[in-house]
Amino acid sequence: MQDRLLGWFDRHQRVLPWRARKGRRPDPYHVWLSEIMLQQTTVVTVGPYFEKFLKKWPSVQKLAAASQDEVLAAWAGLGYYARARNLHKCAQAVTNDYGGVFPDTEEGLLELPGIGPYTAAAIASIAFDVPATAVDGNVERVVSRFFSIEEPLPASKKTIREKAAQLAKGVSRPGDFTQAFMELGATVCTPRKPKCGLCPWKDDCAARRKGNAEELPRKLAKAAKPVRYGKVFWLSDGKGRFLIHKRAGQGLYGGMYQLPTTEWITDRKAAAKLPAPFQETIKPCPLGESVRHSLTHFDLVLEIWTAKAPRAGTVKGLEEACWIHSENIGDYGLPTLMRKAIGLCAGL
DNA sequence: TATCCGTGGCG
DNA sequence: TCGCCAAGGAT
């Protein structure tokens, strides 16, 4: 089984920016950076971000020396911004507590911020060729089908991990096997229309025998997404600049910049009211356009309001705000949602 | 165990 | 248009 998969990988692996040339050990910094970016994010999306980060910060020490604002600005658009905050913390931990050298074991890696069970196993095996089974969404799908596991996720996770470890036990090339396992799921054993004819494991696959590969893995139904409503404010100084400010906290968009906004709430009628501080000091008017954006747990509709408000800094919560030109938005950690809003307003 | 956390592409 | 899902982690 292992040799068939490794042989298939040797012939068919994709060329990826973070992948070492054949016969060479990859740089642990590159492996770590790519693995954090690839969490819940597609290979195609990650590519340009990986190149940008490596060019900007060629070593873990350089990344550690950057400010969080710089890291979040470079990460902007990738989503799940806690990953970027933890990436920065992890770089600082490796630099300050580990002498700039990544731990080479699963247990050691697991101690670091932003590195969970999957990523620890992935880095240990890929960067250091240590035996470790990395179970991601691809591996879950391959294993579910190979053993025809009918129990739906996430209850089946434990069984899947055991079966995956069983398949990986004693493998000759742990790093290549980890990548091959995921590569098989990403390119052959795909969620829809799996290419079973091309699979190196087709002769032993239980789901293929039963003809229900595409139905696996089964998953528990997800809850419906609510809609939240709010307003964003395009406040200009009359000289081509507008106001942004930094979000606090570690939660949604924590540490990222944004246009001033009301809270985002599900009560549409309550959201329609203009908060008193804005009404009294800024006197904004509706632009007649809204920004729609879909997040993990809710869909968002933000109505855009505008005002010429050179004294907006006097409004509570906007004391630390700053005026910027739209050509400089790349310098700030503005999430895609806010870039959409700015795109509609820039030029007003 | 369950919930929170972004974004983009695809069928 | 809409649901799915992508090299998951933290709490």
Side-chain angles (χ1 to χ4, degrees), chain A residues 13-14 16-19 26 30-50 72 75-87 89-90 109-127 132-142 153-155 157-158 161 164 175 177-187 189-193 214-215 217-228 247 249-256 258 264 292-300 333-340:
Chain A
Q13 65 174 284
R14 295 169 292 179
L16 301 175
W18 44 86
R19 201 163 262 176
H30 298 188
V31 175
W32 164 71
L33 180 60
S34 66
E35 287 300 339
I36 302 299
M37 288 182 168
L38 285 162
Q39 289 168 4
Q40 297 288 284
T41 307
T42 58
V43 163
V44 174
T45 301
V46 165
Y49 282 89
F50 178 79
L72 287 175
W75 192 276
L78 256 191
Y80 284 130
Y81 296 97
R83 290 185 298 167
R85 299 193 299 267
N86 285 327
L87 180 86
K89 283 186 205 163
C90 184
L109 288 159
L110 217 35
E111 297 296 315
L112 292 164
I115 298 184
Y118 159 76
T119 307
I123 297 174
S125 58
I126 298 171
T133 309
V135 181
D136 74 330
N138 291 307
V139 172
E140 284 180 351
R141 186 169 54 255
V142 172
L153 285 166
K157 274 179 185 287
K158 187 181 176 189
R161 275 196 292 271
F177 190 81
T178 290
Q179 297 181 76
F181 215 151
M182 296 190 283
E183 190 99 345
L184 184 65
T187 63
C189 196
T190 48
R192 290 175 299 275
K193 298 184 187 299
E214 199 164 0
E215 298 169 26
R218 303 190 193 285
K219 296 189 177 181
L220 250 45
K222 291 171 185 170
K225 270 190 197 181
V227 181
R228 293 193 195 179
R247 284 176 73 100
Q250 304 300 302
L252 183 63
Y253 295 125
M256 299 292 285
Q258 65 175 9
W264 306 337
R292 292 166 188 279
H293 196 70
S294 186
L295 295 88
T296 308
H297 290 281
F298 59 92
D299 291 326
L300 183 61
L334 288 157
T336 300
L337 159 66
M338 290 298 158
R339 287 172 196 246
K340 282 189 193 174

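Letters A, B, ... mirror the listed sequences (proteins, then strands); counts begin at 1.
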- Item | Same-atom distance (C1') from dG11(B) to dA7(C), integer angstrom | 23 Å
- Task: Could you say whether R14(A) or L110(A) is positioned toward the 5' end of DNA chain C, judged by the nucleotide with the nearest heavy atom to each?
- Result: R14(A)
- Message: For Y253(A) and Y81(A), take the angle between the two ring planes, folded into 0 to 90°, and tell me which bin it lands in: parallel under 30, tilted 30 to 60, perpendicular over 60.
- Response: tilted
- Can you sort out the partners of T41(A) under side-chain contact (heavy atoms from CB on, under 4.5 Å), two or more places apart, ordered by chain and number? T45(A), V46(A), L78(A), R83(A)
- With sequence neighbours left out, what residues match W264(A) under ring pair (Phe, Tyr, Trp, His ring centres under 6.0 Å)? none
- Given the P atoms of dG9(C) and dG8(B), what is the spacing between them in whole Å? 22 Å
- Query: Heavy-atom distance under 4.5 Å between the side chains of R85(A) and W75(A), does that happen here?
  - Reply: no
- Closest-nucleotide 5' rank along DNA chain C - winner of V43(A) and P113(A): V43(A)
- Message: So, does H297(A) get its side chain near the phosphate of dC5(B), meaning an N or O under 4.0 Å from OP1 or OP2?
- Response: no
- Between dA10(C) and dT1(B) - C1' atom distance, rounded Å: 14 Å
- Take atom CZ of R218(A) as the centre, draw a 6.0 Å sphere, and report whether it contains more than 12 heavy atoms from other residues, nucleotides or ligands. yes
- Note on the structure: K157(A) atom NZ is separated from dA2(B) atom P, nearest whole Å, by 12 Å
- Query: Nearest heavy-atom pair of L252(A) and L295(A): which atoms, and what distance?
  - Reply: CD1-CD2, 3.8 Å
- Task: Check side-chain contact (heavy atoms from CB on, under 4.5 Å) between T178(A) and all other residues, then give those that pass, not counting sequence neighbours.
- Result: S125(A), I126(A), A134(A), M182(A)
- Note on the structure: Heavy-atom closest pair (C90(A) atom, L112(A) atom, distance to 0.1 Å) is SG-CB, 3.7 Å
- Query: Taking the side chain as C-beta and beyond, is there a heavy-atom pair between V139(A) and Y118(A) under 4.5 Å?
  - Reply: no
- Give the stems involving DNA chain B, where a stem is 3 or more consecutive Watson-Crick or G-U wobble pairs (i with j, i+1 with j-1, and so on) under 3.5 Å. B:2-5 with C:8-11, B:7-11 with C:2-6
- Hey, where on DNA chain C does chain A first and last touch, going 5' to 3'? Cut-off is any atom under 4.0 Å from a heavy atom. dC5(C) to dA10(C)
- Message: Give me the atom names and distance for the closest heavy-atom approach of S294(A) to D299(A).
- Response: OG-OD1, 2.7 Å
- Note on the structure: N86(A) CG to dC4(B) P, in whole Å, measures 19 Å
- Task: Identify, between R85(A) and A155(A), the residue whose nearest nucleotide on DNA chain B lies closer to the 5' end.
- Result: A155(A)
Could you list, one pair per line, each protein nitrogen or oxygen that sits under 3.5 Å from a nitrogen or oxygen of nucleotides 7-11 of chain B, together with the distance?
residue: dT7(B); atom: OP1; partner: Y81(A); partner atom: OH; Å: 2.9
residue: dT7(B); atom: OP1; partner: T336(A); partner atom: N; Å: 2.8
residue: dT7(B); atom: OP2; partner: Y253(A); partner atom: OH; Å: 2.4
residue: dT7(B); atom: OP2; partner: H293(A); partner atom: NE2; Å: 2.4

- Message: Do L87(A) and W32(A) have side chains that approach each other closer than 4.5 Å (heavy atoms only, starting at C-beta)?
- Response: yes
- Message: So L300(A), base contact, sugar-phosphate only, or nothing? Heavy-atom distance under 4.0 Å.
- Response: nothing
- Query: Given atom CH2 of W75(A) and atom C1' of dC5(B), what is their separation to the nearest angstrom?
  - Reply: 13 Å
